[in-house]
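Structure first, commentary second.
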Amino acid sequence: RAYGEPHRPRFHFTPPAQWMNDPNGMFYLNGEYHLSYQYYPDSTVWGPMHWGHAVSKDLVRWEHLPIALYPDSLGYIFSGSAVVDHDNTSGLAAGDTPVVVAAFTHHDPVGEQAGANDFQKQSLAFSPDGGRTWTKYAGNPVLANETGIRDFRDPKLIWHEPTGKWIMALAVYDRVQFYASPDLKQWTYLSEFGIPGDTRLWECPDLFPLLDPETGETRWVLLVSIQQDAPNGGTATSYFIGDFDGTRFLADPDRQQWLDWGTDNYAFVTWDNAPVSPDRRIGIGWMSNWQYAQQVPTEAWRSAMTVPRVLSLRREGEGYFLASAPIGALESLRAEETRLGRRVIIGEQEIQGSFSPDRCELLLQTDLERTTASLFGITLTNPGGDRLIIGLDRENGQVWVDRRNSGPKGFSDAFFVGPHSAPLDFGEATMDLRLLLDVASLELFAGEGKLNFTEVFFPSSPFQTLTVWAQDGEWVLSDGRVYSLGGIWE
Ligand code: FRU
């Protein structure tokens, strides 16, 4: 399948056609990574939700599978997760293949219309054949809503080894509630976690342990997507690092941090059962923002996922942050290499080589001792006069992305606000920057992975020139490389 429509990413996951939002039900089994997603097969805007479905052996190249879950008499199929039930605690296994159990929210639009406050409930589906076919559990829902709070959704399951039970993290309006179960069917309320006085809407939680290889200590990470007032507007994924004792989550004093500072990484959640060491966790986010997701100018389909990313803990002073990096297998897409080597940039310089600026990977190492420019960056342009600018403002310790003139306006006002910025600790000796460009998106990684910046854009024609520039001095690269990247459907 060689997707050729304007703005169609070449190495990011997109649905074949129609509307997609959150990643759902992710697990690894028998050499395959499964990815389901919020899907409406009848339109390019949000509607009655299904779970679309795809599978990959390397998290890079995907194969589309038939829709996994359809709406039913209990409602639409909202976001949720899946786990491999190795010990058949659920009793739902048949044969030798471990049963995969998905938990999702049944959203009843009729109840919602009628003004009920319990129209969101948690239900199960299971797969006896490693995730190929799915059956809804006959006893649905397994968790009714007795809280009186309307927003009660997005169950994320995890096996809690120390206490030998399943834990469900659930977004309940402005907090996360935790429930426990021996068999995934019967759930008992444990506790809740929120920020006193903060009443923003929380969605799509995730809870998992990560080992700090340096101290041997395990910390717990709670991801939560926030529906409003993200650092650069609209919706974004945040996280807390702390402790989870099987009942309660206790956050470290540094509190809430942003997983990604750009506008387009929402509902980021992680894979169950992935074959990685305990100091790593692999996840993926929806590369859009509810502020304009339904208006962006694509025709056949709407929205893409981020590249899958590896999360790990990094110490900083007394606390921790989460470092993100693109998964290693992405390097298998690298084709021609253009070497920039050691290079001094004064004013503007076009970078040419065997790559197409709209679809490439840049690796730039800045020599901070020799760099005298206070501001330097990268600009993409096309013959139509669209431009996208990435600025590295050393003086103010910031990185910014300006997409205000990145393409035809009019589809959304919120989209063209900016520039968008994030704090960046430049360090002292060298600063490594990695940039992934894929037709309609950029993903920037810097500062040992502490800084991730993900943004989408829609130029009138593909970006054709890539220039690097420095203001008031020299930008000295100690090394630089550009790779052309192959597509994942080719
Ligand atoms: C997050 C979200 C979830 C919900 C789903 C519905 O983007 O609003 O809370 O389950 O999308 O599609």
Side-chain angles (χ1 to χ4, degrees), residues 15 18-26 35-53 67-72 74-82 102-109 111-112 118-125 141 143 145 147 149-157 168-177 200-207 222-230 233-238 259-260 263-270 283-296 301-306 454 456:
Q18 309 293 24
W19 170 264
M20 173 177 84
N21 57 288
D22 317 352
N24 293 155
M26 291 134 64
L35 170 66
S36 289
Y37 49 90
Q38 287 289 279
Y39 188 46
Y40 184 34
D42 298 329
S43 172
T44 51
V45 293
W46 191 90
M49 285 288 114
H50 300 52
W51 276 22
H53 191 193
I67 289 173
L69 299 173
Y70 286 80
D72 56 40
L74 293 174
Y76 303 164
I77 313 297
F78 269 23
S79 286
S81 58
F104 59 87
T105 300
H106 256 130
H107 171 98
D108 170 19
E112 183 186 26
D118 64 346
F119 55 89
Q120 296 190 332
K121 296 170 183 158
Q122 316 324 314
S123 289
L124 304 178
L143 181 62
N145 183 356
T147 62
I149 302 171
R150 294 163 61 96
D151 298 287
F152 189 73
R153 60 178 178 268
D154 308 341
K156 175 69 193 198
L157 302 175
M168 178 194 290
L170 197 67
V172 185
Y173 181 39
D174 55 359
R175 70 204 80 167
V176 171
Q177 289 192 341
R200 290 173 299 173
L201 179 68
W202 290 16
E203 298 183 310
C204 301
D206 195 350
L207 176 73
L222 180 64
L223 299 177
V224 204
S225 284
I226 310 288
Q227 255 274 13
Q228 69 211 73
D229 304 331
T235 56
T237 310
S238 75
L259 184 70
D260 193 310
T263 44
D264 300 291
N265 183 352
Y266 196 62
F268 189 101
V269 286
T270 66
I284 199 167
W286 175 47
M287 201 156 55
S288 196
N289 188 313
W290 279 115
Q291 276 194 323
Y292 46 72
Q294 303 187 77
Q295 284 98 46
V296 298
W301 85 101
R302 266 217 184 89
S303 82
M305 296 298 180
T306 65
T454 305
V456 295

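Just so it is clear, the model here is predicted, and its values are computed rather than measured. For ligands, and for the atoms within them, numbers begin at 1 and follow the listed sequence. This chain uses plain numbering: 1 for the first residue, then up along the sequence.
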Atoms of ligand 1 close to Y266 [distance to a heavy atom under 4.0 angstrom, numbered from 1]: 1 (C), 7 (O)

Look at the rings of H107 and Y76 and say which category their plane angle falls in: under 30° parallel, 30 to 60° tilted, over 60° perpendicular. parallel

Please name the pair of heavy atoms, one in Q120 and one in N145, separated by the smallest distance, quoted to 0.1 Å. O-CB, 3.5 Å

Within the structure, is a non-hydrogen atom of T105 found at a distance of less than 4.0 Å from ligand 1? no

Look only at interatomic distance and state if R153 has a nitrogen or oxygen under 3.5 Å from any nitrogen or oxygen of ligand 1. yes

Under 4.0 Å from a heavy atom of M49: which atoms of ligand 1 are those, numbered in the order shown and with their elements? 12 (O)

Nearest protein heavy atom with distance in Å, relative to atom 8 (O) of ligand 1: E203 OE2, 2.8 Å

Check step by step if side-chain contact (heavy atoms from CB on, under 4.5 Å) holds for H50 and Q38. CA-CA 6 Å; H50 300 52; Q38 287 289 279; over 6 Å; no

Proximal atoms of ligand 1 relative to Q38 (non-hydrogen, under 4.0 Å): 5 (C), 6 (C), 12 (O)

Considering only heavy atoms of S79, which atoms of ligand 1 have at least one such atom less than 4.0 Å away? 5 (C), 10 (O)

Closest protein heavy atom to atom 2 (C) of ligand 1, given as residue, atom name and distance to 0.1 Å: D22 OD2, 3.4 Å

Using a strict cut-off of 4.0 Å, indicate which atoms of ligand 1 neighbour a heavy atom of D154. 3 (C), 4 (C), 9 (O), 10 (O)

Closer than 4.0 angstrom: is that true for some heavy atom of Y76 and an atom of ligand 1? no

List in chain and number order the residues that pass salt bridge (charged side-chain N to carboxylate O under 4.0 Å, His left out) with D154, two or more places apart in sequence or in another chain; answer none if no residue qualifies. none

Quick one about Q122 and H106 (side-chain donor to acceptor, distance below 3.5 Å, no hydrogens or angles considered), yes or no? no

Please tell me whether T306 and N265 have a donor and an acceptor in their side chains that are separated by less than 3.5 angstrom. no

Taking a cutoff of less than 4.0 Å between a non-hydrogen atom of the residue and any ligand atom, is W290 in contact with ligand 1? yes

Residues passing the salt bridge (charged side-chain N to carboxylate O under 4.0 Å, His left out) test with D118, sequence neighbours excluded, are none

Test of ring centre spacing under 6.0 Å for Y37 and W301: no

